[in-house]
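Note that this is a predicted model, so its numbers are computed, not measured.
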Amino acid sequence: MNKMSELIRNNIDINCKHWKHNFTTNCYAYALGLDIREKDIKPSAYQPGVIGGYLYSINSSKYFAYSSLLESIFADMKKLNIEIREIKTTDKISLDEWKIALFTVFHAIEFNSEWLSDFHFLIEKESGIWYHKPGYHRFPTNKDYNNHIITDPENCYLGNKKFRKCYSLRLK
């Protein structure tokens, strides 16, 4: 692990009570517990694939393949030495793990690939309530777009963002 990866990993705090960098982090940073200004890491660090050095990081174009998004996420987790496994939202996890939910915005099917225009992440807190940070310029919240507390990411309303997967993360 290089120094930058180690710095990032050492600053992961999934139990952060008062998120400070509301205007310089996004949902991905929030789900990873990284309350660090993006520019203090590297440009576009909070776009999946950038931390992991994935060749086709999704920040390089307006639309991206779903498969590239997943590969980007896994590249970041590998670089940060975070174990990731797909689970159900209702699965029990151990005390050293946390759950995140992935949402995507569908754009088109082309060349047998699903193309997306956006992604979004939620994180489950100890209370069983799910939280998210809507973009770079909003504060974290536990409410969906209908102002309902999110208790189940598979049945919450986030506009055109659709639930795709749930993962368990654990620092190795």
S.K.: For the CG atom of Asp35 and the NE2 atom of His18, what is their distance to the nearest 0.5 Å?
M.R.: 11.5 Å

S.K.: With the 4.5 Å side-chain cut-off for hydrophobic clustering, are Phe23 and Tyr136 part of the same group?
M.R.: no

S.K.: Asp91 side chain to Lys88 main-chain N or O, any donor-acceptor pair under 3.5 Å?
M.R.: yes

S.K.: Please determine whether a side-chain nitrogen of the Lys or Arg among Glu114 and Arg164 lies less than 4.0 Å from a carboxylate oxygen of the Asp or Glu.
M.R.: yes

S.K.: Are Thr25 and Tyr46 close enough that some pair of their side-chain heavy atoms sits under 4.5 Å apart?
M.R.: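 Of all side-chain heavy-atom pairs linking Tyr46 with Thr25, at least one is under 4.5 Å.
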
S.K.: About how many Å separate CD1 of Ile36 and CG of Leu7, when rounded to the nearest 0.5 Å?
M.R.: 5.5 Å

S.K.: Quick check against the 3.5 Å criterion: does Thr104 have a side-chain atom that pairs as donor or acceptor with the backbone of Phe106?
M.R.: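 No.
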
S.K.: Give, for atom CG of Asp96 and atom OG of Ser168, the distance between the pair rounded to the nearest 0.5 Å.
M.R.: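 Rounded to the nearest 0.5 Å, the CG-OG separation comes to 8.0 Å.
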
S.K.: Give me each pair satisfying ring pair (Phe, Tyr, Trp, His ring centres under 6.0 Å) with a member in residues 64-101, each pair once, sequence neighbours excluded.
M.R.: Phe74-Tyr167

S.K.: Decide yes or no on side-chain contact (heavy atoms from CB on, under 4.5 Å) for Asn26 and Gln47, but give the supporting numbers first.
M.R.: CA-CA 9 Å; Asn26 66 359; Gln47 298 302 309; 3.7 Å; yes

S.K.: Do Leu122 and Met77 land in one hydrophobic cluster if side-chain heavy atoms of ILVMFWY residues count as linked below 4.5 Å?
M.R.: no

S.K.: With Tyr30, which residues qualify under ring-ring contact (aromatic ring centres under 6.0 Å, His included), at least two apart?
M.R.: Trp19

S.K.: Say whether, by atom type as modelled, one donor and one acceptor occur between the side chain of Lys99 and the main chain of Thr89 under 3.5 angstrom.
M.R.: yes

S.K.: At their closest point, which heavy atom of Asn155 faces which heavy atom of Asp152, and how far apart are they?
M.R.: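 Closest approach of Asn155 to Asp152, heavy atoms only: ND2-OD2, 2.6 Å.
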
S.K.: Measure from the side-chain N and O atoms of Asp76 to the backbone N and O of Lys79, and report whether any donor-acceptor pair falls under 3.5 Å.
M.R.: no

S.K.: How about Tyr157 and Lys143: does a side-chain donor come under 3.5 Å of a side-chain acceptor?
M.R.: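 No, Lys143 and Tyr157 have no side-chain donor paired with an acceptor closer than 3.5 Å.
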
S.K.: Check this for me, if you would: do Arg37 and Asp40 make a salt bridge, where the nitrogen-to-carboxylate-oxygen distance has to be below 4.0 angstrom?
M.R.: yes

S.K.: Is the shortest heavy-atom distance from the side chain of Asn160 to the side chain of Asp118 under 4.5 Å?
M.R.: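 A side-chain contact under 4.5 Å is absent here.
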
S.K.: Does Phe121 belong to the same Ile/Leu/Val/Met/Phe/Trp/Tyr cluster as Ile150, with side-chain heavy atoms less than 4.5 Å apart forming each link?
M.R.: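 No, it is not one cluster - the side chains of Phe121 and Ile150 are not joined through contacts under 4.5 Å.
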
S.K.: How long is the gap from CD1 on Ile14 to CD1 on Ile123, to the nearest 0.5 Å?
M.R.: 5.5 Å

S.K.: Would you call Leu32 and Leu169 a side-chain contact if the rule is heavy atoms closer than 4.5 Å?
M.R.: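 Yes, their side chains come closer than 4.5 Å.
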
S.K.: Could you state the interatomic distance from NZ (Lys125) to SG (Cys16), rounded to the nearest 0.5 Å?
M.R.: 7.0 Å

S.K.: If you apply the rule side-chain contact (heavy atoms from CB on, under 4.5 Å), what do you find for Ile8 with Ile41, and how did you get there?
M.R.: CA-CA 8 Å; Ile8 295 167; Ile41 298 173; 3.5 Å; yes

S.K.: Testing the basics here: between Pro48 and Phe119, what is the closest heavy-atom pair and its distance to 0.1 Å?
M.R.: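 In terms of heavy atoms, the two residues are closest at CD-CZ, 3.4 Å.
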
S.K.: Any side-chain to backbone donor/acceptor pair from Asn146 onto His148? Under 3.5 Å, distance only.
M.R.: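 Such a contact is absent between Asn146 side chain and His148 backbone.
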
S.K.: Looking only at atom types and distance, does a side-chain atom of Asp144 sit under 3.5 Å from a main-chain N or O of Cys156, one as donor and one as acceptor?
M.R.: no

S.K.: When Glu97 is tested against each of Arg85, Arg170, Lys92 for side-chain hydrogen bond (donor to acceptor under 3.5 Å, both in side chains), which residue passes?
M.R.: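 By the side-chain hydrogen bond (donor to acceptor under 3.5 Å, both in side chains) criterion, Glu97 pairs with just one of Arg85, Arg170, Lys92: Arg85.
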
S.K.: Run the side-chain contact (heavy atoms from CB on, under 4.5 Å) test on Ile82 and Ile12 for me, step by step, so that the C-alpha distance in whole Å, both residues' side-chain angles and the decisive distance to 0.1 Å come before the verdict.
M.R.: CA-CA 11 Å; Ile82 295 174; Ile12 291 174; 3.7 Å; yes

S.K.: Could you state the interatomic distance from OG (Ser44) to CD1 (Ile51), rounded to the nearest 0.5 Å?
M.R.: 11.0 Å

S.K.: Check whether Leu158 and Leu116 end up in the same hydrophobic cluster, where Ile, Leu, Val, Met, Phe, Trp and Tyr are linked by side-chain heavy atoms less than 4.5 Å apart.
M.R.: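 Hydrophobic grouping puts Leu158 apart from Leu116.
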
S.K.: Could you walk me through whether Thr24 and Glu38 satisfy the side-chain hydrogen bond (donor to acceptor under 3.5 Å, both in side chains) test, starting with their C-alpha distance in whole Å, then the side-chain angles of each, then the deciding distance to 0.1 Å, before giving a yes or no?
M.R.: CA-CA 6 Å; Thr24 57; Glu38 184 174 57; over 6 Å; no

S.K.: Could you go through Arg9 and Asn81, starting from their C-alpha distance and side-chain angles, then the distance that decides it, and tell me whether this counts as side-chain contact (heavy atoms from CB on, under 4.5 Å)?
M.R.: CA-CA 8 Å; Arg9 182 185 161 81; Asn81 207 19; 3.8 Å; yes

S.K.: For the residue pair Ile100 and Ala31, what are the closest heavy atoms and their distance?
M.R.: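 Between these two residues, the closest heavy atoms are CG2-O, 3.6 Å.
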
S.K.: Does Phe103 offer a backbone N or O that forms a donor-acceptor pair with the side chain of His120 under 3.5 Å?
M.R.: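 Side chain of His120 to backbone of Phe103, a donor-acceptor pair under 3.5 Å: no, none is there.
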
S.K.: Considering non-hydrogen atoms only, spot the tightest contact between Tyr145 and His132 and give its length.
M.R.: CE2-CE1, 4.2 Å

S.K.: Is it the case that the side chain of Lys133 and the backbone of Gly135 share a donor-acceptor pair, with hydrogens and angles ignored and the cut-off at 3.5 Å?
M.R.: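 Answer holds: yes.
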
S.K.: Where do Ala45 and Val50 come nearest, in terms of heavy atoms and distance?
M.R.: CA-CG1, 3.8 Å

S.K.: What's the shortest heavy-atom distance between Phe163 and Pro153, and which atoms?
M.R.: CB-O, 3.9 Å

S.K.: Determine, using the 4.5 Å side-chain heavy-atom cutoff (strictly less than), whether Trp115 and Ile73 are members of one ILVMFWY cluster.
M.R.: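 Different hydrophobic clusters.
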
S.K.: If you measure from the Lys or Arg side-chain nitrogens to the Asp or Glu carboxylate oxygens, is any gap between Glu86 and Lys165 under 4.0 Å?
M.R.: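 A salt bridge is present here (some side-chain N lies under 4.0 Å from a carboxylate O).
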
S.K.: For atom CG of Leu95, is the number of surrounding heavy atoms from other residues, nucleotides or ligands below 6.0 Å larger than 12?
M.R.: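 No - once you tally the heavy atoms of other residues, nucleotides and ligands closer than 6.0 Å, there are 12 at most.
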
